[in-house]
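Working notes, structure below.
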Amino acid sequence: MRLHMVDEDFAWRLAQELVRIDSSNPGAYEDEIERFIKRLIEQQLAQLDSSALDAVQIEELEVLPGRRNLKVTVPGQSDEPRLIYICHMDTVTLGDGWDADIAPLGAVVRDDKLYGRGACDMKGGLACAIAALIHTLERVAADGALPRRGFSLICSVDEEDFMRGSEAAIDAGWVSSREWVLDTEPTDGQIQVAHKGRTWFEIEMAGVTAHASQPWKGADAVAAMAEVVCSLRRAFAALPAHDELGPSTITFGQIEGGYRPYVVPDRAKVWVDMRLTPPTDTAAAINMVEHAIAVAEAAVPGCHGSYTVTGDRPAIERDPNSPLLAALKRAADDVTDADTTVGFFTGYTDTAVIAGKTGNRNCMSYGPGSLALAHKPNEYVPHADIVRCQNVLIALADNTLWDASGQVGA
(Lines give C-alpha, C1' and ligand atoms only; values in the text may rest on other atoms or scores of the structure.)
Protein backbone atom coordinates (compact mmCIF):
# COMPACT_ATOMS: atom_id res chain seq x y z
CA MET A 1 0.00 0.00 0.00
CA ARG A 2 1.31 3.49 -0.92
CA LEU A 3 1.95 5.60 2.20
CA HIS A 4 2.38 8.93 0.44
CA MET A 5 5.09 10.13 2.80
CA VAL A 6 6.14 12.86 0.39
CA ASP A 7 3.49 15.55 0.22
CA GLU A 8 4.04 19.02 -1.26
CA ASP A 9 5.62 20.39 1.92
CA PHE A 10 7.79 17.40 2.84
CA ALA A 11 11.03 19.14 1.85
CA TRP A 12 9.89 22.42 3.45
CA ARG A 13 9.40 20.75 6.82
CA LEU A 14 12.60 18.73 6.47
CA ALA A 15 14.62 21.82 5.57
CA GLN A 16 13.57 23.39 8.89
CA GLU A 17 14.80 20.34 10.78
CA LEU A 18 18.11 20.36 8.90
CA VAL A 19 18.70 24.07 9.55
CA ARG A 20 18.35 23.45 13.29
CA ILE A 21 21.31 21.04 13.16
CA ASP A 22 24.67 22.79 13.38
CA SER A 23 26.91 21.42 10.60
CA SER A 24 29.18 24.44 10.27
CA ASN A 25 32.62 24.03 8.70
CA PRO A 26 34.75 24.81 10.60
CA GLY A 27 32.63 24.19 13.66
CA ALA A 28 30.35 21.30 14.51
CA TYR A 29 30.97 19.60 11.12
CA GLU A 30 28.71 16.88 9.68
CA ASP A 31 28.53 14.04 12.23
CA GLU A 32 25.11 14.91 13.69
CA ILE A 33 23.42 15.80 10.42
CA GLU A 34 24.73 12.68 8.68
CA ARG A 35 23.38 10.47 11.47
CA PHE A 36 20.04 12.33 11.29
CA ILE A 37 19.70 11.77 7.52
CA LYS A 38 20.73 8.12 7.71
CA ARG A 39 18.24 7.47 10.53
CA LEU A 40 15.46 9.26 8.61
CA ILE A 41 16.01 7.13 5.51
CA GLU A 42 16.18 3.92 7.54
CA GLN A 43 12.89 4.85 9.23
CA GLN A 44 11.22 5.54 5.90
CA LEU A 45 12.44 2.22 4.51
CA ALA A 46 11.09 0.40 7.56
CA GLN A 47 7.61 1.77 6.87
CA LEU A 48 7.57 0.47 3.29
CA ASP A 49 6.81 -3.26 3.18
CA SER A 50 8.24 -4.43 -0.13
CA SER A 51 10.82 -7.08 -0.95
CA ALA A 52 11.94 -4.92 -3.89
CA LEU A 53 13.46 -2.51 -1.37
CA ASP A 54 15.77 -5.21 -0.02
CA ALA A 55 18.15 -4.25 -2.82
CA VAL A 56 18.52 -0.65 -1.55
CA GLN A 57 22.07 -0.01 -0.33
CA ILE A 58 23.08 2.44 2.41
CA GLU A 59 26.82 3.12 2.61
CA GLU A 60 28.99 5.41 4.70
CA LEU A 61 32.51 6.59 3.92
CA GLU A 62 34.65 8.25 6.57
CA VAL A 63 36.45 11.06 4.78
CA LEU A 64 37.89 12.74 7.88
CA PRO A 65 37.63 11.72 11.55
CA GLY A 66 33.94 11.80 12.48
CA ARG A 67 33.00 13.19 9.06
CA ARG A 68 31.26 10.70 6.80
CA ASN A 69 29.83 10.78 3.31
CA LEU A 70 26.50 8.96 3.02
CA LYS A 71 25.25 7.20 -0.11
CA VAL A 72 21.83 5.60 -0.64
CA THR A 73 21.40 3.65 -3.87
CA VAL A 74 18.30 2.23 -5.51
CA PRO A 75 19.72 -0.19 -8.11
CA GLY A 76 18.32 -0.22 -11.62
CA GLN A 77 17.36 -3.19 -13.76
CA SER A 78 19.47 -1.99 -16.69
CA ASP A 79 23.06 -0.92 -17.19
CA GLU A 80 22.08 2.64 -18.05
CA PRO A 81 23.96 5.43 -16.26
CA ARG A 82 22.63 6.07 -12.77
CA LEU A 83 21.00 9.35 -11.84
CA ILE A 84 22.86 10.85 -8.86
CA TYR A 85 21.86 13.75 -6.65
CA ILE A 86 24.87 14.97 -4.66
CA CYS A 87 24.33 17.45 -1.82
CA HIS A 88 26.78 18.73 0.75
CA MET A 89 25.81 18.62 4.42
CA ASP A 90 28.19 21.28 5.74
CA THR A 91 27.63 25.02 5.93
CA VAL A 92 29.98 27.93 6.42
CA THR A 93 30.47 29.18 9.99
CA LEU A 94 27.40 30.54 11.75
CA GLY A 95 28.90 34.03 11.67
CA ASP A 96 27.89 37.36 13.14
CA GLY A 97 25.52 40.12 12.03
CA TRP A 98 22.23 38.22 12.24
CA ASP A 99 19.14 40.17 13.28
CA ALA A 100 18.40 39.84 16.99
CA ASP A 101 15.22 37.82 16.32
CA ILE A 102 16.78 35.53 13.68
CA ALA A 103 19.09 32.94 15.24
CA PRO A 104 21.41 31.12 12.79
CA LEU A 105 20.04 27.74 13.96
CA GLY A 106 16.53 28.95 14.76
CA ALA A 107 14.87 27.94 11.46
CA VAL A 108 12.63 31.00 11.74
CA VAL A 109 9.81 31.11 9.16
CA ARG A 110 8.62 34.59 8.26
CA ASP A 111 6.73 35.78 5.16
CA ASP A 112 7.03 32.30 3.62
CA LYS A 113 10.81 32.37 3.95
CA LEU A 114 12.94 29.97 6.01
CA TYR A 115 15.83 31.78 7.71
CA GLY A 116 18.99 30.16 9.07
CA ARG A 117 22.53 29.16 8.28
CA GLY A 118 22.46 26.85 5.30
CA ALA A 119 18.82 27.54 4.46
CA CYS A 120 19.71 28.08 0.81
CA ASP A 121 23.30 26.76 0.82
CA MET A 122 22.24 24.05 0.74
CA LYS A 123 19.93 22.47 3.29
CA GLY A 124 16.90 23.50 1.26
CA GLY A 125 18.31 21.68 -1.76
CA LEU A 126 19.40 18.73 0.39
CA ALA A 127 15.85 18.42 1.71
CA CYS A 128 14.49 18.43 -1.86
CA ALA A 129 16.89 15.67 -2.89
CA ILE A 130 15.94 13.55 0.15
CA ALA A 131 12.29 14.07 -0.77
CA ALA A 132 12.99 12.77 -4.28
CA LEU A 133 14.79 9.74 -2.84
CA ILE A 134 11.91 8.89 -0.49
CA HIS A 135 9.41 9.40 -3.33
CA THR A 136 11.47 6.93 -5.36
CA LEU A 137 11.42 4.41 -2.49
CA GLU A 138 7.63 4.80 -2.27
CA ARG A 139 7.27 4.18 -5.98
CA VAL A 140 9.47 1.07 -5.86
CA ALA A 141 7.34 -0.24 -2.98
CA ALA A 142 4.12 0.50 -4.86
CA ASP A 143 5.37 -1.09 -8.10
CA GLY A 144 7.00 -4.04 -6.37
CA ALA A 145 9.96 -3.70 -8.71
CA LEU A 146 13.14 -1.70 -9.12
CA PRO A 147 13.27 1.10 -11.71
CA ARG A 148 14.89 0.72 -15.10
CA ARG A 149 17.70 3.18 -14.30
CA GLY A 150 19.48 3.24 -10.93
CA PHE A 151 19.40 6.21 -8.58
CA SER A 152 21.73 7.38 -5.80
CA LEU A 153 21.71 10.17 -3.25
CA ILE A 154 25.18 11.18 -2.06
CA CYS A 155 25.44 13.45 0.98
CA SER A 156 28.96 14.86 1.05
CA VAL A 157 31.22 16.52 3.61
CA ASP A 158 33.66 19.43 3.34
CA GLU A 159 32.23 21.17 0.27
CA GLU A 160 32.61 24.55 1.96
CA ASP A 161 36.36 24.03 2.46
CA PHE A 162 38.54 21.76 0.31
CA MET A 163 35.77 19.61 -1.21
CA ARG A 164 37.35 16.46 0.14
CA GLY A 165 33.95 14.76 0.31
CA SER A 166 33.35 14.77 -3.43
CA GLU A 167 36.97 13.81 -4.06
CA ALA A 168 36.60 10.85 -1.70
CA ALA A 169 33.37 9.83 -3.46
CA ILE A 170 35.28 9.73 -6.75
CA ASP A 171 38.18 7.77 -5.23
CA ALA A 172 35.75 5.25 -3.72
CA GLY A 173 34.06 4.66 -7.08
CA TRP A 174 30.76 6.15 -5.92
CA VAL A 175 30.71 8.38 -9.00
CA SER A 176 32.66 8.34 -12.26
CA SER A 177 32.57 9.75 -15.78
CA ARG A 178 29.44 7.79 -16.66
CA GLU A 179 26.63 8.87 -14.33
CA TRP A 180 24.17 11.76 -14.60
CA VAL A 181 25.08 13.97 -11.65
CA LEU A 182 23.08 16.88 -10.24
CA ASP A 183 23.81 19.02 -7.20
CA THR A 184 21.13 21.18 -5.60
CA GLU A 185 23.04 24.38 -4.91
CA PRO A 186 20.95 27.60 -5.00
CA THR A 187 20.62 28.60 -8.66
CA ASP A 188 17.98 31.37 -8.77
CA GLY A 189 15.59 29.18 -10.73
CA GLN A 190 18.16 28.39 -13.41
CA ILE A 191 19.83 25.20 -14.54
CA GLN A 192 23.52 25.99 -14.22
CA VAL A 193 25.83 23.85 -16.30
CA ALA A 194 29.21 25.57 -16.40
CA HIS A 195 31.74 26.83 -13.87
CA LYS A 196 34.69 29.16 -13.81
CA GLY A 197 37.86 27.42 -12.75
CA ARG A 198 39.20 28.05 -9.26
CA THR A 199 42.95 28.35 -8.75
CA TRP A 200 44.42 29.39 -5.41
CA PHE A 201 47.91 30.69 -4.67
CA GLU A 202 49.85 31.56 -1.57
CA ILE A 203 52.54 34.08 -2.54
CA GLU A 204 55.33 34.96 -0.13
CA MET A 205 57.88 37.75 -0.32
CA ALA A 206 61.07 37.76 1.79
CA GLY A 207 62.89 41.03 2.41
CA VAL A 208 65.48 42.46 4.79
CA THR A 209 64.53 44.10 8.06
CA ALA A 210 65.86 47.54 9.05
CA HIS A 211 64.89 50.58 11.09
CA ALA A 212 62.18 52.59 9.35
CA SER A 213 64.34 55.73 9.56
CA GLN A 214 66.97 53.97 7.41
CA PRO A 215 64.90 52.05 4.86
CA TRP A 216 67.79 51.91 2.37
CA LYS A 217 69.46 49.39 4.69
CA GLY A 218 66.56 46.98 4.31
CA ALA A 219 64.30 45.53 1.62
CA ASP A 220 60.57 46.22 2.09
CA ALA A 221 58.70 42.94 1.58
CA VAL A 222 55.29 44.66 1.82
CA ALA A 223 56.26 47.14 -0.92
CA ALA A 224 57.40 44.23 -3.05
CA MET A 225 54.12 42.43 -2.45
CA ALA A 226 52.28 45.57 -3.53
CA GLU A 227 54.15 45.31 -6.84
CA VAL A 228 53.02 41.68 -7.14
CA VAL A 229 49.39 42.64 -6.52
CA CYS A 230 49.45 45.51 -9.03
CA SER A 231 51.19 43.40 -11.67
CA LEU A 232 48.59 40.63 -11.35
CA ARG A 233 45.71 43.09 -11.51
CA ARG A 234 47.11 44.54 -14.75
CA ALA A 235 47.61 41.04 -16.18
CA PHE A 236 44.03 40.00 -15.41
CA ALA A 237 42.63 43.19 -16.92
CA ALA A 238 44.24 42.19 -20.22
CA LEU A 239 42.91 38.62 -20.32
CA PRO A 240 40.28 37.59 -22.88
CA ALA A 241 36.74 36.90 -21.68
CA HIS A 242 34.89 33.64 -22.31
CA ASP A 243 31.71 33.91 -24.40
CA GLU A 244 29.53 32.41 -21.64
CA LEU A 245 31.60 32.40 -18.45
CA GLY A 246 32.83 35.94 -18.89
CA PRO A 247 36.16 37.36 -17.66
CA SER A 248 38.66 35.71 -15.34
CA THR A 249 38.76 37.41 -11.96
CA ILE A 250 41.30 37.71 -9.16
CA THR A 251 40.79 38.46 -5.46
CA PHE A 252 43.47 39.02 -2.82
CA GLY A 253 41.46 37.60 0.04
CA GLN A 254 43.99 37.82 2.83
CA ILE A 255 47.35 39.55 3.31
CA GLU A 256 49.81 39.80 6.17
CA GLY A 257 53.31 41.20 6.64
CA GLY A 258 55.69 42.98 8.95
CA TYR A 259 55.41 43.19 12.71
CA ARG A 260 55.89 46.86 13.74
CA PRO A 261 55.05 50.12 11.89
CA TYR A 262 58.54 51.52 12.52
CA VAL A 263 60.43 48.51 11.09
CA VAL A 264 61.09 47.72 7.44
CA PRO A 265 59.13 44.49 6.96
CA ASP A 266 61.13 41.42 6.01
CA ARG A 267 58.17 39.26 5.07
CA ALA A 268 54.76 39.46 3.43
CA LYS A 269 52.23 36.88 2.35
CA VAL A 270 49.07 37.08 0.30
CA TRP A 271 46.37 34.50 -0.39
CA VAL A 272 45.02 34.76 -3.94
CA ASP A 273 41.74 33.44 -5.35
CA MET A 274 41.59 33.27 -9.15
CA ARG A 275 38.40 32.34 -11.03
CA LEU A 276 39.67 31.40 -14.46
CA THR A 277 37.78 31.10 -17.73
CA PRO A 278 39.09 29.52 -20.94
CA PRO A 279 41.52 29.96 -22.53
CA THR A 280 43.21 31.03 -19.28
CA ASP A 281 44.14 28.05 -17.09
CA THR A 282 46.38 27.30 -14.12
CA ALA A 283 49.49 27.06 -16.29
CA ALA A 284 48.83 30.58 -17.58
CA ALA A 285 48.17 31.74 -14.02
CA ILE A 286 51.52 30.35 -12.88
CA ASN A 287 53.24 32.29 -15.65
CA MET A 288 51.51 35.49 -14.50
CA VAL A 289 52.51 34.91 -10.88
CA GLU A 290 56.13 34.21 -11.81
CA HIS A 291 56.22 37.36 -13.94
CA ALA A 292 54.69 39.42 -11.11
CA ILE A 293 57.32 38.16 -8.68
CA ALA A 294 60.09 39.02 -11.12
CA VAL A 295 58.65 42.53 -11.52
CA ALA A 296 58.56 42.94 -7.73
CA GLU A 297 62.10 41.70 -7.23
CA ALA A 298 63.33 44.21 -9.81
CA ALA A 299 61.32 47.06 -8.27
CA VAL A 300 62.42 46.35 -4.69
CA PRO A 301 66.02 45.05 -4.75
CA GLY A 302 66.85 42.60 -1.99
CA CYS A 303 63.40 40.99 -1.96
CA HIS A 304 62.78 37.46 -3.17
CA GLY A 305 59.42 35.86 -3.89
CA SER A 306 58.00 32.34 -3.91
CA TYR A 307 54.57 30.77 -4.41
CA THR A 308 52.55 27.65 -3.79
CA VAL A 309 49.50 26.51 -5.76
CA THR A 310 47.03 25.42 -3.07
CA GLY A 311 43.98 24.79 -5.26
CA ASP A 312 43.65 23.82 -8.91
CA ARG A 313 40.13 23.33 -10.25
CA PRO A 314 39.60 23.53 -14.01
CA ALA A 315 36.82 25.50 -15.68
CA ILE A 316 33.82 23.43 -16.78
CA GLU A 317 32.19 24.42 -20.07
CA ARG A 318 28.63 23.66 -21.13
CA ASP A 319 27.91 20.49 -23.09
CA PRO A 320 24.82 21.37 -25.17
CA ASN A 321 24.36 17.68 -26.03
CA SER A 322 24.14 16.48 -22.42
CA PRO A 323 21.21 14.06 -22.01
CA LEU A 324 20.90 15.06 -18.35
CA LEU A 325 20.56 18.70 -19.38
CA ALA A 326 17.76 17.77 -21.80
CA ALA A 327 15.97 15.67 -19.16
CA LEU A 328 16.35 18.30 -16.41
CA LYS A 329 15.14 21.12 -18.64
CA ARG A 330 12.13 19.07 -19.66
CA ALA A 331 11.27 18.40 -16.00
CA ALA A 332 11.80 22.02 -14.93
CA ASP A 333 9.82 23.40 -17.89
CA ASP A 334 6.93 21.02 -17.21
CA VAL A 335 6.78 21.82 -13.48
CA THR A 336 7.06 25.59 -13.87
CA ASP A 337 5.23 25.91 -17.20
CA ALA A 338 8.05 28.21 -18.33
CA ASP A 339 11.22 28.15 -20.41
CA THR A 340 13.89 27.45 -17.77
CA THR A 341 17.05 29.50 -18.21
CA VAL A 342 20.30 27.57 -18.67
CA GLY A 343 23.20 29.52 -17.21
CA PHE A 344 26.46 29.09 -15.33
CA PHE A 345 27.46 28.85 -11.67
CA THR A 346 29.82 31.57 -10.48
CA GLY A 347 31.20 29.43 -7.65
CA TYR A 348 32.58 25.89 -7.61
CA THR A 349 30.48 22.90 -6.57
CA ASP A 350 30.76 19.17 -5.94
CA THR A 351 29.57 18.46 -9.49
CA ALA A 352 32.28 20.75 -10.87
CA VAL A 353 34.85 18.68 -8.95
CA ILE A 354 33.39 15.51 -10.44
CA ALA A 355 33.35 16.97 -13.95
CA GLY A 356 36.90 18.29 -13.64
CA LYS A 357 38.43 15.12 -12.20
CA THR A 358 36.54 12.50 -14.24
CA GLY A 359 35.67 14.27 -17.49
CA ASN A 360 31.96 13.66 -16.84
CA ARG A 361 29.94 15.90 -19.20
CA ASN A 362 26.63 15.28 -17.40
CA CYS A 363 27.21 17.35 -14.25
CA MET A 364 25.14 20.42 -13.33
CA SER A 365 23.33 22.39 -10.62
CA TYR A 366 19.66 23.10 -9.89
CA GLY A 367 18.33 24.03 -6.48
CA PRO A 368 16.22 26.42 -4.41
CA GLY A 369 17.26 29.88 -3.29
CA SER A 370 19.78 32.45 -4.45
CA LEU A 371 23.56 32.23 -4.25
CA ALA A 372 23.55 35.96 -3.47
CA LEU A 373 22.15 35.09 -0.01
CA ALA A 374 24.58 32.26 0.76
CA HIS A 375 27.25 32.71 3.44
CA LYS A 376 25.57 35.93 4.66
CA PRO A 377 23.68 36.88 7.84
CA ASN A 378 19.91 36.37 7.59
CA GLU A 379 20.34 33.71 4.91
CA TYR A 380 16.95 32.43 3.75
CA VAL A 381 15.15 30.32 1.17
CA PRO A 382 11.56 30.97 -0.02
CA HIS A 383 8.86 28.36 0.49
CA ALA A 384 7.89 28.54 -3.20
CA ASP A 385 11.46 27.69 -4.23
CA ILE A 386 11.51 24.59 -2.04
CA VAL A 387 8.18 23.38 -3.43
CA ARG A 388 9.29 24.03 -7.02
CA CYS A 389 12.60 22.22 -6.61
CA GLN A 390 11.08 19.26 -4.81
CA ASN A 391 8.63 18.85 -7.68
CA VAL A 392 11.34 19.22 -10.34
CA LEU A 393 13.66 16.70 -8.67
CA ILE A 394 10.81 14.22 -8.32
CA ALA A 395 9.78 14.75 -11.96
CA LEU A 396 13.37 14.28 -13.13
CA ALA A 397 13.64 11.03 -11.15
CA ASP A 398 10.29 9.77 -12.45
CA ASN A 399 11.12 10.64 -16.04
CA THR A 400 14.63 9.19 -16.08
CA LEU A 401 14.25 6.16 -13.81
CA TRP A 402 11.03 4.78 -15.29
CA ASP A 403 9.94 6.73 -18.36
CA ALA A 404 11.32 5.17 -21.54
CA SER A 405 11.81 8.66 -22.97
CA GLY A 406 14.48 9.15 -20.32
CA GLN A 407 16.70 6.86 -22.40
CA VAL A 408 17.54 9.66 -24.81
CA GLY A 409 21.30 9.93 -25.12
CA ALA A 410 21.98 7.17 -22.59
Distance from [X] atom [atom1] to [Y] atom [atom2], nearest 0.5 Å?
| X | Y | atom1 | atom2 | answer |
| --- | --- | --- | --- | --- |
| Phe162 | Thr310 | CZ | OG1 | 7.0 Å |
| Tyr85 | Thr136 | OH | OG1 | 7.5 Å |
| Leu153 | Leu70 | CG | CG | 7.0 Å |
| Thr282 | Asp312 | OG1 | CG | 3.5 Å |
| Tyr307 | Met205 | OH | CE | 12.5 Å |
| Asp220 | Thr209 | CG | OG1 | 10.0 Å |

For [Y], does its backbone N or O pair with a side-chain atom of [X] as donor and acceptor, under 3.5 Å?
| X | Y | value |
| --- | --- | --- |
| Asp22 | Ser24 | yes |
| Asn69 | Leu61 | no |
| Arg117 | Leu94 | yes |
| Arg164 | Asp158 | no |
| Asp281 | Ala283 | yes |
| Ser23 | Tyr29 | no |
| Thr187 | Gly367 | yes |
| Gln390 | Asp7 | yes |
| Lys71 | Ser156 | no |
| Glu159 | Gly165 | no |

TODO: Just do the salt bridge (charged side-chain N to carboxylate O under 4.0 Å, His left out) check on Lys38 and Glu42 with the steps written out, would you?
DONE: CA-CA 6 Å; Lys38 181 172 181 283; Glu42 289 172 340; 2.7 Å; yes
With the side chain counted from C-beta on, respond yes when [X] and [Y] share a heavy-atom pair under 4.5 Å apart, and no when they do not.
| X | Y | result |
| --- | --- | --- |
| Thr280 | Met274 | no |
| Asp319 | Leu325 | no |
| Gln192 | Phe344 | no |
| Arg361 | Ser322 | no |
| Leu393 | Leu182 | yes |
| Pro247 | Leu239 | no |
| Met364 | Thr351 | no |
| His291 | Asn287 | no |

Give the minimum heavy-atom separation between [X] and [Y], together with the two atoms involved.
| X | Y | answer |
| --- | --- | --- |
| Phe36 | Leu14 | CE2-CD1, 3.9 Å |
| Val295 | Ser231 | CG2-OG, 4.3 Å |
| Ala224 | Ala296 | O-CB, 3.2 Å |
| Ile134 | Phe10 | CD1-CZ, 3.5 Å |
| Ile86 | Val181 | CG2-CG1, 3.8 Å |
| Thr91 | Asp121 | CG2-O, 4.2 Å |

Salt-bridged, [X] to [Y], with N to O below 4.0 Å?
| X | Y | result |
| --- | --- | --- |
| Lys329 | Asp333 | yes |
| Arg267 | Glu256 | yes |
| Asp273 | Arg198 | no |

Return yes when atom [atom1] of [X] has more than 12 non-hydrogen atoms of other residues, nucleotides or ligands closer than 6.0 Å, and no otherwise.
| X | atom1 | result |
| --- | --- | --- |
| Asp111 | CG | no |
| His383 | NE2 | yes |
| Lys269 | NZ | yes |
| Arg13 | CZ | yes |
| Asp54 | CG | yes |

Query raised in the report: When you look at Leu18 and Ile37, which way does the side-chain contact (heavy atoms from CB on, under 4.5 Å) test go after all the steps?
Result: CA-CA 9 Å; Leu18 296 176; Ile37 295 168; 4.3 Å; yes
**Prompt:** After noting the C-alpha distance and the side-chain angles of Arg178 and Asp79, does the key distance pass the salt bridge (charged side-chain N to carboxylate O under 4.0 Å, His left out) rule?
**Reply:** CA-CA 11 Å; Arg178 188 167 182 265; Asp79 191 41; 3.5 Å; yes
Check: After noting the C-alpha distance and the side-chain angles of Thr340 and Val392, does the key distance pass the side-chain contact (heavy atoms from CB on, under 4.5 Å) rule?
Finding: CA-CA 11 Å; Thr340 305; Val392 169; over 6 Å; no
Worksheet entry | side-chain contact (heavy atoms from CB on, under 4.5 Å) between Arg318 and Val342, intermediate numbers included | CA-CA 10 Å; Arg318 178 201 302 235; Val342 179; 3.3 Å; yes
Paired with Glu160, the side chain to side chain contact (heavy atoms under 4.5 Å, CB included) test is passed by just one of Met89, Met122, His88, namely His88
- Message: Once you measure the plane-to-plane angle for His195 and Phe345, does it fall in the parallel (<30°), tilted (30-60°) or perpendicular (>60°) bin?
- Response: tilted
Q: Classify the angle between the aromatic ring planes of Tyr380 and Tyr115 as parallel (below 30°), tilted (30 to 60°) or perpendicular (above 60°).
A: tilted
Determine, step by step, whether Arg68 and Val157 satisfy the side-chain contact (heavy atoms from CB on, under 4.5 Å) criterion, reporting the C-alpha distance in whole Å, the side-chain angles of both residues, the deciding distance to 0.1 Å, and the verdict. CA-CA 7 Å; Arg68 300 170 301 279; Val157 304; 5.6 Å; no
